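Contents: one structure, followed by commentary.
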Amino acid sequence: MTVNQPLFENENGFEGPVEVSRVIFTAEDDGFAVIEVRDDSGEEFIVTGTVAHLKPGERARLAGEWQQHERFGPQLKAITALPLDPGDRSGQIAYLATLRHIGPIRAEALCDLYGAEVMEKISADPSGVFGSLPKLGPRQAEAATESWYATRAVRDLHVELAPHGLAHLAGKIHARFGDQAMKTIREDPYRLTEIDGVGFVRADKIALAADVPPESDRRAQAAAHFLIGEAERRGHTHLPVDELSRNANKLLGYPPDPGVLASAPGLTLEDEGLYRDRTLNREIWVAGDIRDRALTEPSSEHRPDHPDDESLTNEQWQAVLGAFDAQVSVVTGGPGVGKTVCTRAIVSEARSANLRVGLCAPTGRAARRLSEATGAEAHTIHRMLEWRPGAEATFKPGHPLPIDILIVDEASMINLHMAEMLLGGLGLGTHIVLVGDADQLPPVGAGKPFADLIESGVVPVTRLTHIFRQAARSMITTAAHEVNQGRPPHLTPAEDQVQDFFFVERVTPERCRDAVADMVGERVSAGLGLDPIRDVQVLAPIYRGEVGIDALNRQLQKRLNPDGKKALTDRFRIGDRLIQTRNAYELGLMNGTICFLVEDDPDEEMAVVQTDVGQEVVVPYSESSDLRLAYAVSVHKAQGSEIPVVLFVCHRSHSGMLTRPLIYTAITRAKSMCVLVGDRPALEMGVKRDEGGGRYSSLAARLRAGI
């Protein structure tokens with residue numbers, strides 16, 4: 001389609017009302033979108049910028065500058081995009097259909113009842129208007145009214161935030177602060193950094209516009225809070241003051257007084273490291289609890305007898321003994337070394353001694369694998385403790401879980417907060433066996449308790465190193481161990497090896513992306529007889545870029561599900577592979593759950609997804625914002641899972657993110673086949689970069705100091 005440049009006030013820009021015709025692309029994280037709009041003269045044109053808050057059928061007052069795209073021609077780069085009430089019937093129906101329990105049919109009925117003044121009528125008496133709809137019950141009318149008020153509040157926030165380029169975050173800000181959102185923006189704008197997508201720079205822009213002095217203590221301390229929060233998101237529990245000061249200098253534009261930074265409310269200085277109070281208290285508590293357990297005599301009198309057969313190696317036998325000889329023990333090792341055999345043996349020994357056994361893992365997929373491997377019931381840590389973040393767990397200090405021995409699989413994924421909750425829910429007499437691969441990626445979130453516990457030396461650690469013959473037949477296993485040793489994996493199978501590991505060389509981003517789509521779309525089903533949507537997972541290190549996760553998802557959706565009916569307000573298609581990105585306990589969907597979109601009912605504003613274990617979940621539209629396409633996901637999102645076929649993209653455009661633990665973790669997700677796609681130099685550079693444990697954490701030192 002050729003899009004003509006519309007009439008505008010001058011040759012460089014445009015300002016005026018438009019109606020959104022369609023959304024071409026929306027980024028997942030920053031509000032950037034590409035949309036097609038129609039102005040009042042009927043001309044259509046393309047708009048780019050932070051306009052993801054605009055939906056088809058909505059009207060907005062746009063202001064922007066014209067740019068000439070070399071491929072797509074003239075486009076308007078939006079500077080502001082303020083929503084307007086729709087002026088025509090079709091626009092009003094589209095707008096009202098987004099409200100809870102209204103939908104297209106009831107929206108049309110409202111327009112029939114109240115005519116062209118329907119928006120004004122609702123504004124004057126929303127509960128009365130919605131209550132007048134036939135067959136809309138009182139509770140549904142109340143929900144529709146609340147939805148109306150929320151959209152109007154968000155609209156006001158749009159107006160307030162638009163001059164600062166934050167209009168696309170109005171919904172998130174309203175969800176976080178509610179009725180206090182406008183007051184927060186005007187009185188303490190630095191609190192906006194609590195919202196994903198609002199960094200210090202943007203909040204600072206609003207604060208300075210509100211006459212906050214550039215060299216005020218408040219501004220410097222807000223920068224300190226933000227930087228430490230960002231450090232925790234990168235895995236640190238604290239930051240050294242000198243590093244914090246250097247980073248703050250870059251944000252503030254002048255060197256702040258370190259004493260001012262350290263005196264910020266809610267921060268504590270300890271040994272030249274600045275912590276958030278809650279994180280410091282958490283680290284101290286976890287260290288104290290583990291020390292107490294390490295110094296406590298074993299509560300179980302059971303001592304396993306060495307088996308007469310050779311079912312266990314000496315390494316594995318030491319792991320079994322450690323589970324009963326110490327209150328806390330660790331079993332670690334890479335793929336193919338028999339961690340699962342150890343786990344089964346410990347469960348068997350505990351049952352023979354009539355001990356109460358618990359099994360858990362950080363994620364649902366890891367818990368399911370643990371259950372399948374042992375034949376015993378396993379839960380996620382959250383479910384086992386009956387813990388919902390933001391609320392108190394059922395099993396906690398003073399009310400421990402009634403078990404004698406607990407085996408925790410994939411323990412390398414446990415961060416400091418999860419460690420605190422887990423230990424708090426276990427009595428001092430419970431034996432804890434932590435099983436995991438210390439060479440995988442460190443956990444998401446602050447801290448690295450599993451690695452720190454191993455480093456401290458205060459509890460028995462069994463390192464399994466013997467690769468069993470059957471496992472060694474897989475090139476996936478040997479490739480993983482080679483990467484872990486800092487060597488690029490060999491690509492030719494040795495004698496008696498199964499060739500289940502491949503490297504496909506593609507240098508340009510386009511060819512790399514096309515190769516991934518071709519392999520998933522054609523070769524998986526043709527060569528392996530597997531479902532390309534359900535049995536394959538593409539992994540990549542970054543979201544943006546021509547071979548980032550977002551671009552891969554778009555291409556894979558187009559290749560694998562081209563004819564799927566559009567669903568969930570056109571965000572997805574029926575049949576899409578999706579991932580839940582936040583724990584939604586009310587739905588039973590946990591962060592990282594892979595699911596497939598099977599039904600969509602726009603009239604009832606409900607969709608149905610099927611999880612990768614076959615469970616069907618009804619998802620209201622209002623709860624669907626945390627679903628994302630999952631043909632491609634990050635390596636972190638895949639931790640704890642085992643997938644038949646893994647394609648890992650390691651292109652030179654990812655070189656800044658490619659590290660040995662990342663590559664190792666990606667390879668070890670594959671069960672039957674692993675294919676690396678990219679260029680060899682990028683892979684080799686990544687294998688040499690061992691940056692897995694580079695986190696500021698004092699847990700190991702605290703553990704050593706107390707023993």
Side-chain angles (χ1 to χ4, degrees), residues 17-23 38 53-60 83-158 170-171 174-175 178-179 564-574 584 586-589 597-610 616-627:
V18 298
E19 180 179 320
V20 180
S21 304
R22 64 187 177 109
V23 175
R38 182 186 302 108
H53 56 288
L54 300 179
K55 303 295 184 288
E58 288 189 346
R59 284 174 58 79
L84 299 172
D85 279 334
D88 63 335
R89 179 183 172 88
S90 62
Q92 290 167 345
I93 290 173
Y95 179 89
L96 295 172
T98 65
L99 303 177
R100 291 195 66 189
H101 301 301
I102 299 300
I105 294 175
R106 287 173 177 151
E108 195 165 348
L110 283 169
C111 290
D112 289 340
L113 282 170
Y114 296 100
E117 297 180 351
V118 62
M119 306 300 286
E120 290 80 1
K121 295 288 187 182
I122 297 175
S123 293
D125 183 16
S127 59
V129 171
F130 295 130
S132 70
L133 273 173
K135 298 182 181 181
L136 188 69
R139 293 182 63 182
Q140 291 177 315
E142 182 180 353
T145 300
E146 291 176 358
S147 181
W148 169 268
Y149 280 129
T151 63
R152 309 313 278 184
V154 171
R155 188 169 293 241
D156 291 341
L157 286 173
H158 275 122
H174 182 266
D179 294 341
K565 180 183 176 183
K566 290 187 177 181
L568 280 171
T569 62
D570 294 348
R571 290 179 61 215
F572 306 120
R573 299 174 186 172
I574 297 295
E586 63 281 1
L587 300 177
L589 289 176
L597 186 55
V598 295
E599 292 181 34
D600 181 61
D601 187 342
D603 291 338
E604 293 299 322
E605 298 180 340
M606 297 284 186
V608 178
V609 299
Q610 185 183 76
E616 289 200 346
V617 179
V618 176
V619 182
Y621 278 15
S622 58
E623 301 293 330
S624 67
S625 61
D626 297 303
L627 289 169

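All heavy atoms count here, side chains included; hydrogens, waters and symmetry mates do not. Because the structure is a prediction, the values reported are computed rather than measured.
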Could you go step by step and tell me if Asp600 and Tyr621 meet the side chain to side chain contact (heavy atoms under 4.5 Å, CB included) rule? CA-CA 10 Å; Asp600 181 61; Tyr621 278 15; 2.8 Å; yes

Which atom pair, heavy atoms only, marks the closest approach of Pro104 to Pro602? CD-O, 4.1 Å

Going by the rule side chain to side chain contact (heavy atoms under 4.5 Å, CB included), which residues pair with Glu599 if we only count those two or more places apart in sequence or in a different chain? Val608

For Asp626, which residues count as a salt bridge (Lys or Arg N to Asp or Glu O under 4.0 Å) partner, sequence neighbours excluded? Arg582

Please report the interatomic distance CD(Glu605) to CD(Glu623), rounded to the nearest 0.5 Å. 12.0 Å

Using modelled atom types and a 3.5 Å cut-off, is there a donor and acceptor pairing between side-chain atoms of Arg106 and backbone atoms of His101? yes

My understanding is that only residues two or more places apart in sequence, or in another chain, count here; which of them pass side-chain hydrogen bond (donor to acceptor under 3.5 Å, both in side chains) with Asp570? none

With sequence neighbours left out, what residues match Ser625 under side-chain hydrogen bond (donor to acceptor under 3.5 Å, both in side chains)? none

Side-chain donor/acceptor pairs under 3.5 Å, residues 109-127, sequence neighbours excluded:
| residue | atom | partner | partner atom | Å |
| --- | --- | --- | --- | --- |
| Asp112 | OD1 | Arg89 | NH1 | 3.2 |
| Asp112 | OD1 | Arg89 | NH2 | 2.7 |
| Tyr114 | OH | Ser132 | OG | 2.8 |
| Ser123 | OG | Met119 | O | 3.0 |
| Asp125 | OD1 | Gly128 | N | 3.1 |

Step-by-step side chain to side chain contact (heavy atoms under 4.5 Å, CB included) determination, Leu568 to Val619: CA-CA 10 Å; Leu568 280 171; Val619 182; 5.7 Å; no

When rounded to the nearest 0.5 angstrom, what is the spacing between NZ in Lys566 and CZ in Arg571? 14.0 Å

Just verifying a value: how many Å separate Asp88 CG and Ile93 CD1, rounded to the nearest 0.5 Å? 9.0 Å

Note: Ala97 and Ala107 closest approach over all heavy atoms is N-CB, 3.8 Å

Phe130 versus Leu99: any side-chain heavy-atom pair under 4.5 Å? yes

Compile the donor-acceptor pairs under 3.5 Å between side chains in residues 136-148 and protein atoms, sequence neighbours left out, one pair per line.
| residue | atom | partner | partner atom | Å |
| --- | --- | --- | --- | --- |
| Gln140 | OE1 | Gly137 | N | 3.3 |
| Thr145 | OG1 | Ala141 | O | 2.9 |
| Ser147 | OG | Arg100 | N | 3.4 |

